[in-house]
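Written below as structure tokens is the structure these notes are about.
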There are 2 protein chains.
Amino acid sequence: MKNRIKVLRAEKDLTQAELAKQLSVSRQTVNAIEKGKFDPSLPLAFKLSSLFGKSIEEIFQNEE
Amino acid sequence: MKNRIKVLRAEKDLTQAELAKQLSVSRQTVNAIEKGKFDPSLPLAFKLSSLFGKSIEEIFQNEE
DNA sequence: GTTAAAAGTAAAGTTTGTTTTACTTTTTGT
DNA sequence: ACAAAAAGTAAAACAAACTTTACTTTTAAC
């Protein structure tokens, strides 16, 4: 599972800490997801989707 | 988080056990997700999406 | 109305996602 | 070059997703 969070975050000029706050998760969680350490939960994926105004499929790519 | 899995599964005429096998998860996992006991992981949501030929947003509805 | 298949449920255990604390490295601005 | 902010990283602890085993209830077919 790949994601475009780092780029989308850059487009909105947000720091990891700012994004984390808007998502109500820790900064480390944002960092870990960006770095591909693990995938977010589905609810968190929906939050990202709504925050960035993109579909989940536009943000995450399944690499099976 | 609500989902339409039960209906989509009925449309494809699959049992929970059959769907579980196609998803490579246990039957209890399918049952629990259908009954709303918890949300699937994002990778599992993608598998469901691809199996049913529907977007994640068409299958799951975020109720925050 | 019995039987068999499917669905529901539950406890104990493993794995994965997330938090907290804390420290190091990189980037940015002066 | 220096300081401050941002990003990276890691371990311990907790929470949520998922498995396995096993049993009960509902549904469908005869």
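In what follows, every heavy atom counts, from backbone to side chain, and hydrogens, waters and symmetry copies are set aside. Protein chains get the first letters and strands the later ones, always in sequence-line order, with residue 1 at the start of each.
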Atom CD of B:Glu18 and atom P of C:dA5 are separated, to the nearest Å, by 13 Å

(Q) Would you say that B:Ile56 contacts A:Phe60 through its side chain, given a criterion of any heavy-atom pair below 4.5 Å between the two side chains? (A) no

Could you go through nucleotides 26-30 of chain C and list every protein N or O atom that sits under 3.5 Å from one of its N or O atoms, giving the distance for each pair?
none

Heavy-atom nearest nucleotide on DNA chain D taken for B:Leu42 and for B:Arg27; more 5' hit belongs to B:Leu42

How is B:Thr29 classified with respect to the nucleic acid when contacts are heavy atoms under 4.0 Å: base, sugar-phosphate, or nothing? base

I'd like to know if B:Arg9 pairs up with B:Glu34 as an ion pair, taking the criterion as any Lys NZ or Arg NE/NH1/NH2 lying under 4.0 Å from an Asp or Glu carboxylate oxygen. yes

**Study point:** Close side-chain approach of A:Pro43 to B:Asp39, heavy-atom, < 4.5 Å
**Key:** yes

In terms of heavy-atom contacts, B:Pro40 and A:Leu42 come closest through O-CB, 3.5 Å

Do B:Gln61 and B:Arg4 have side chains that approach each other closer than 4.5 Å (heavy atoms only, starting at C-beta)?
yes

* Can a salt bridge be assigned to the pair B:Lys12 and B:Glu18 using a cut-off of 4.0 Å between side-chain N and carboxylate O? -> no

Rounded to whole Å, the CG-P distance (B:Leu44 to C:dT16) equals 14 Å

Rounding to the nearest 10°, end axes of the helix from C:dG1-D:dC30 to C:dT30-D:dA1 built from five pairs each make an angle of 60°

note: A:Gln16, atom CD; C:dT18, atom P; distance rounded to Å ~ 15 Å

Separation of C:dT18 atom P from A:Leu19 atom CG, nearest Å, is 13 Å

From CG of B:Asp39 across to P of C:dG17 the rounded distance in Å is 14 Å

Sorted by position of nearest nucleotide on DNA chain C, 5' first, the leading residue of B:Pro43 and B:Ala17 is B:Ala17

Atom CG of A:Asn31 and atom C1' of C:dT20 are separated, to the nearest Å, by 15 Å

Between CZ of B:Phe38 and P of C:dT15 the distance, given in whole Å, is 16 Å

- Query: Does the side chain of A:Asn31 reach to within under 4.5 Å of the side chain of A:Lys35, using non-hydrogen atoms?
  - Reply: yes

Applying side chain to side chain donor-acceptor pair (under 3.5 Å) to A:Ser49 and not counting sequence neighbours gives none

Residues passing the side chain to side chain donor-acceptor pair (under 3.5 Å) test with A:Gln28, sequence neighbours excluded, are none

With sequence neighbours left out, the residues meeting side chain to side chain donor-acceptor pair (under 3.5 Å) with A:Asn3 are none

| Heavy atoms under 4.0 Å, any strand shown: does A:Ser41 hit a base, just sugar-phosphate, or nothing? | sugar-phosphate

Per side chain to side chain contact (heavy atoms under 4.5 Å, CB included), B:Leu23 is matched among B:Ile33, B:Thr29, B:Val30 by B:Val30

Result for 5'-nearest mapping on DNA chain C, choosing between B:Arg9 and B:Lys37, is B:Arg9

Mind checking B:Ser26 for me? I need base, sugar-phosphate or nothing, with any heavy atom below 4.0 Å counting as a touch. base

Bounded by its outermost nucleotides with an atom under 4.0 Å from a heavy atom of chain A, the footprint on DNA chain D reads D:dA6 to D:dA10

| request: Please test B:Leu8 against B:Leu48 for side chain to side chain contact (heavy atoms under 4.5 Å, CB included), starting from the C-alpha separation and ending with a verdict. | output: CA-CA 10 Å; B:Leu8 296 170; B:Leu48 284 157; over 6 Å; no

